[in-house]
Amino acid sequence: MAKFYDTLLWEYISDPGKKWLSLDDLAEKYFDYKMISYDEVTGKSQINFKEVSLEEASIYSWEDVYITAKIYAEQQKKWIISDKTLNDIEIPLLEVLKNMEVTGVRISKEKLQEIGKYLAEEIIKEEKIILEIAWENFNIKSPKQVWDILFSKMGLPQWKKTKTGYSVDSEVLESLAFHYPIARHIVNYRQYTKLQSTYVEGLSKLIYEPTSTIHTSYNQTIASTGRLSSTNPNLQNIPASNGLWGSIREAFLPFGENDVLVSFDYSQIEVRLLAIMSEDENLLGSFQNGVDIHANTGYFLFGKDDISSDERRIAKAVNFWVIYGISPFGLSKMIGIPQNEAREYINKFYEQYPKVGDFFKKTIEFCEKHGYVETIFGRKRFITSINDSNSIIKKAWEREAINMPIQWTSADIIKLAMIQIDTFLREKNMQSKMIMQVHDELVFNVVSEEFEIIKKEIPAIMEHIISAPISLKVDMWVGKNWRECK
DNA sequence: CGAGGAGCGA
DNA sequence: ACGTCGCTCCTCGA
């Protein structure tokens, strides 16, 4: 019940700044209907709900369900059916997602167990060291107890706050690790237990034994940015880094002996969309001429052609983060440079790509005037709180407003690609299957005879979803497990 | 059972 | 005050 209520009320999910109404309020607003209140059912003495007579409890519960269904139907009339994007994208996508969910992904339980065994040993080692240094038994998994040990008992310096006290997250611990080895060991312990509980044990629990597969659920109605989300398990946050973390992906296998996993991902899709939508000549030009975009930005940030690898790293970060309306403070923290330097780079970026700034400005002005922003596919996102009198709140919604058209457009592009790919695979009677979507990446189980055609056709479909002055670019990766696809 | 902290992905 | 959006795990107090 709560799920429908939470996810399908369009005007509420599309305007996060707006105050939420309760189900009772909505019933009154839409149907002029007064619902039975909880207090009425439990009476003056506020008895426990299980003491309420079955008849009364039934009516009360029925009302909840009925009103929810009515509101859902209303919203369908108002939003779902009238919205073209819904008929062209979301509805056709339903079956594509269903097929991916049913197909599943093959996982090696043995591989997971192997990793798990190693982790279990490391966890014991780290635990032993930490408890020895602390000279006391405590639960390392509890941030509160970690704080007690480190700061109350050992007297380490402390500064970062959380809502309810002091933070002991990895950033804090890292900064202490050089002088206080215990902090390093706690970081290690956290990494090992995170891998163990979330990925090794979490994934193992969800394996369907007869076929050694896991079957996620993709949700189309959760993310305010129009992206999909994935649960049970979440396949969109499997570790991707080097070393031990990446080893989880080794457990993701093709179905058949002769099959391979093939991954296609959109390269720099958000920066490309920024170029297309802002129509900035310099940004478009750097993609048109096949120039390396990061080198191009680096040239303007540092005024020279032969930028060092560190300068390239900065240029790459600036290209990436500007899309999110990042502040000098944020950028400096993110890439470890002084704040004034970060400010200079951000300014230079806007100088070099002037229409990007214009585009952001126009987007914000449009939103202030109309109360929504929209994508090139004509999808709207209502942000009325952009006119908030509190400048901090306003700034936050402004960042939302400039990022949303880009992120939502990229989400729509990959959704359209998925629909077309699904049609292609079915029409050609292909045995290969689309098995995962990770925001800008699609993963396929490819049978060997079909590799050449997949390699040719899938990127072609993905790259031609929209026609624009510059094309979208897709990279391909092949492997005998998911880790090799990079 | 739910809030809060922590940490993974794009 | 200072990127956004998600999901899952754990602890802890009601």
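Letters A, B, ... mirror the listed sequences (proteins, then strands); counts begin at 1.
- Separation of the Phe349(A) and Tyr353(A) ring centroids falls under the 6.0 Å cut-off.
- Distance Lys141(A) NZ to dT8(C) C1': 15 Å, rounded to the nearest Å.
- With hydrogens and angles ignored, the 3.5 Å screen pairs a side-chain donor or acceptor of Ser230(A) with a backbone N or O of Pro233(A).
- Atom OH in Tyr324(A) sits roughly 24 Å away from atom P in dA1(C) (whole-Å rounding).
- Taking atom CZ of Phe320(A) as the reference point, atom C1' of dT4(C) lies 10 Å away to the nearest angstrom.
- Residue Lys163(A) places no side-chain atom within donor-acceptor reach of the base of dG4(B), judged by atom type and a 3.5 Å distance cut-off alone.
- Rounding to whole angstrom units, CG of residue Leu235(A) and P of dG9(B) are separated by 14 Å.
- Atom P of nucleotide dC5(C) and atom CG of Asn403(A) are separated by 9 Å, given to the nearest angstrom.
- Taking the centre and axis of the six-membered ring of Tyr166(A), the NZ or CZ atom of Lys161(A) falls inside the cone set by 45° and 6.0 Å.
- Between the side chains of Trp397(A) and Asn387(A), no donor-acceptor pair is found at a separation under 3.5 Å.
- Gln191(A) has its CD atom 15 Å from the P atom of dA6(B), to the nearest Å.
- Atom name P, nucleotides dC2(C) and dG5(B): the rounded distance is 15 Å, in whole Å.
- Taking atom CD1 of residue Ile414(A) and atom C1' of nucleotide dG6(C), one finds them 16 Å apart after rounding to whole Å.
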